[in-house]
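Structure, as C-alpha cells:
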Amino acid sequence: MSDTLRIAFVAEGPTDKIVIEAVLKSILADRSFILKQLQPEDSLAFGPLGAGWSGVYRWCKQSSKRGQGCLSRDALLFAIYDLLILHIDADVAGMRYQDNSIDPALSDGKLPCEQPCPPASSTTHKLRKVVLSWCGEKRPPERVVICMPSKSTEAWVLAALYPSDVAMSGEIECLSDPEARLAQQKKRVRIRKCQSDYWEQVKSFTDEWPRLTRHKKLGQARRFHEDFTRAMNNIEEIGG
C-alpha cells in the first residue's frame, strides 16, 4: 500500500461524495488519500449505468461479474484501489426493483425490505444483506466498507449543520425526508441538494463528524466510522 490511500467510491449521487470525502478527512486526520468516484460516473448523463440506487445495483453486478461472481475477486478494482466504499441510503429498503426497470427474478436480494423504525438498524441490517447479494458476497470483504446513512446522507448533513433543530431531539434516523427538513431551515443559509451548496459546507462536515459519531441517535454514522477504521487497520496489517 502506498503512502497515499487510494479509495474507490460507489454511491447514488455526486453530493454523497462531497460529504463522505469531508468525513474521511476527519477520520484519517493527516493521512493523505484520494477518493475516486466510480459510480455515478462524472458526466452529465452519469455514465451508462445511470445515477441513483439502481446505478449502484448495476455497478455491483458489473464488478462481481468481472470477479467471476464475487466483488472481492474483481482483480482490476483491487489492483488499483486499497479500499472500496459502497454507499447507499437506507431509504432504498422501501424501493422495488421493477420501478427501475430491474427484473426482480434476476436479483438475489429482496426489495422492499424496510422494517419498522426505530430502530434504524433493523432496516439497515436487512438492506446490507441485499447489497451484499448484488456483490455476490455473504459478508463484507476486508477491503470493502458499506456506508448506509438512515434514511439518507441528508440526515448527517442536517445533524452537522443544524444540531439544535427539533428533529435532532427525536429519531433522526427515522426521519423519512431529511432533505425536506434542510429546506425548511430559517437560521443560517438554507442548503440545497446541489454540489455548490455542499462544497461550501465541507469544513463543517469535517469538524462536526466526531460529534455525530457520539450522538446516541446516529448509530449508522458511528457504524460507518467503526467499519472504516477496522478496514483501515486490516489493510495496514496486511501491508505490514
Side-chain angles (χ1 to χ4, degrees), residues 9 11-31 33 35 37 51-53 85-95 114-128 145-230:
F9 187 64
E12 296 184 51
T15 54
D16 296 316
K17 178 178 182 287
I18 297 171
V19 176
I20 298 308
E21 190 164 19
V23 165
L24 294 181
K25 288 179 182 178
S26 175
I27 299 174
L28 293 170
D30 296 330
R31 176 69 184 273
F33 70 94
L35 185 67
Q37 183 145 13
W53 72 267
I85 295 176
L86 274 178
H87 177 286
I88 195 161
D89 289 333
D91 63 3
V92 172
M95 309 300 179
E114 192 171 25
Q115 303 297 304
C117 189
S121 57
S122 294
T123 292
T124 58
H125 178 71
K126 293 274 189 182
L127 187 56
R128 281 172 183 272
V145 181
I146 295 178
C147 178
M148 191 174 289
S150 181
K151 297 285 188 178
S152 71
T153 303
E154 279 60 50
W156 294 357
V157 174
L158 181 65
L161 301 182
Y162 305 101
S164 298
D165 186 87
V166 64
M168 296 305 302
S169 63
E171 297 291 343
I172 180 63
E173 291 191 320
C174 298
L175 189 64
S176 61
D177 193 355
E179 182 182 345
R181 188 64 190 168
L182 284 171
Q184 296 168 3
Q185 298 302 314
K186 296 180 180 180
K187 296 180 180 179
R188 298 174 59 183
V189 178
R190 292 181 183 177
I191 182 170
R192 300 163 298 164
K193 191 173 181 178
C194 66
Q195 294 184 64
S196 60
D197 280 15
Y198 276 51
W199 276 120
E200 290 178 0
Q201 303 298 334
V202 162
K203 186 176 186 301
S204 293
F205 298 151
T206 300
D207 292 346
E208 296 299 322
W209 180 249
R211 177 176 60 79
L212 267 59
T213 63
R214 295 191 300 268
H215 196 291
K216 64 180 181 179
K217 299 293 187 179
L218 288 170
Q220 299 313 304
R222 185 162 51 254
R223 174 158 189 178
F224 172 65
H225 187 105
E226 293 172 351
D227 287 351
F228 183 85
T229 302
R230 187 179 303 111

> Measuring from R214:CZ to R222:CZ, what's the distance to the nearest 0.5 Å?
Replying inline: 11.0 Å

>> For a quick test of reading the model, state the closest non-hydrogen atom pair linking A159 to M168 and the distance between them.
In response: CB-CE, 3.5 Å

> Does D227 reach the main-chain N or O of C147 with its side chain, forming a donor-acceptor pair under 3.5 Å?
Replying inline: no

> With respect to I27, which candidate in T229, T213, I20, T206 satisfies the side-chain contact (heavy atoms from CB on, under 4.5 Å) definition?
Replying inline: T229

> Do other residues, nucleotides or ligands put more than 12 heavy atoms under 6.0 Å from the CZ atom of R192?
Replying inline: no

> What are the two closest non-hydrogen atoms of Q201 and I191, and how far apart are they?
Replying inline: CG-CD1, 3.9 Å

> How about D91 and S152: does a side-chain donor come under 3.5 Å of a side-chain acceptor?
Replying inline: no

> Rounded to the nearest 0.5 Å, how far does CZ of F9 lie from NZ of K17?
Replying inline: 8.0 Å

> CG of L127 to CD1 of I146: how many Å apart, nearest 0.5 Å?
Replying inline: 8.5 Å

>> Quick check: do L212 and H215 have side-chain heavy atoms less than 4.5 Å from each other?
In response: no

>> Is there a side chain to side chain contact (heavy atoms under 4.5 Å, CB included) between L161 and F205? Walk through the geometry before answering.
In response: CA-CA 8 Å; L161 301 182; F205 298 151; 4.1 Å; yes

> Does the side chain of P116 reach to within under 4.5 Å of the side chain of S122, using non-hydrogen atoms?
Replying inline: no

>> Would F224 and V145 count as a side chain to side chain contact (heavy atoms under 4.5 Å, CB included) here? Give the steps.
In response: CA-CA 8 Å; F224 172 65; V145 181; 3.7 Å; yes

>> With rounding to the nearest 0.5 angstrom, report the OG1 to CE distance, T123 to M148.
In response: 10.0 Å

> Between V202 and K25, does a side chain to side chain contact (heavy atoms under 4.5 Å, CB included) hold up when you go through it step by step?
Replying inline: CA-CA 10 Å; V202 162; K25 288 179 182 178; 4.2 Å; yes

> What residues, two or more places apart in sequence or in another chain, satisfy salt bridge (Lys or Arg N to Asp or Glu O under 4.0 Å) together with E226?
Replying inline: none

>> Give me the atom names and distance for the closest heavy-atom approach of K217 to G170.
In response: CG-O, 3.6 Å

> Just how far is it from atom CG of L86 to atom CZ of R128, taken to the nearest 0.5 Å?
Replying inline: 10.5 Å

> When rounded to the nearest 0.5 angstrom, what distance separates CD in E200 from CD1 in I18?
Replying inline: 10.5 Å

> Going by heavy atoms in the side chains, are E21 and F33 under 4.5 Å from each other?
Replying inline: yes

>> Which heavy atom of A120 sits nearest to which heavy atom of S150, and what is that distance?
In response: CB-OG, 3.6 Å

> For K193, does the NZ atom have more than 12 heavy-atom neighbours from other residues, nucleotides or ligands under 6.0 Å away?
Replying inline: yes

> Parallel, tilted or perpendicular: which fits the ring planes of W209 and H225, with parallel below 30° and perpendicular above 60°?
Replying inline: parallel

> Between L175 and L158, which heavy-atom pair has the shortest distance, and what is it?
Replying inline: CD2-CD2, 4.1 Å

>> For a 4.5 angstrom cut-off between non-hydrogen side-chain atoms, does E173 reach L218?
In response: yes

> What closest approach, in Å, do C117 and K151 show between heavy atoms, and which atom pair accounts for it?
Replying inline: CB-NZ, 4.4 Å

> Any side-chain heavy atom of F228 sitting closer than 4.5 Å to one from V23?
Replying inline: no

> salt bridge (Lys or Arg N to Asp or Glu O under 4.0 Å): which pairs involve residues 174-184, sequence neighbours left out?
Replying inline: D165-R181

> Below 4.5 Å, heavy atoms only, C-beta onward: do V157 and T15 meet side chain to side chain?
Replying inline: no

>> According to side chain to side chain donor-acceptor pair (under 3.5 Å), who are the partners of K203, at least two apart in sequence or on a separate chain?
In response: D207

> Are Q37 and H87 close enough, and set up right, to give a side chain to side chain contact (heavy atoms under 4.5 Å, CB included), and what steps lead you there?
Replying inline: CA-CA 11 Å; Q37 183 145 13; H87 177 286; over 6 Å; no

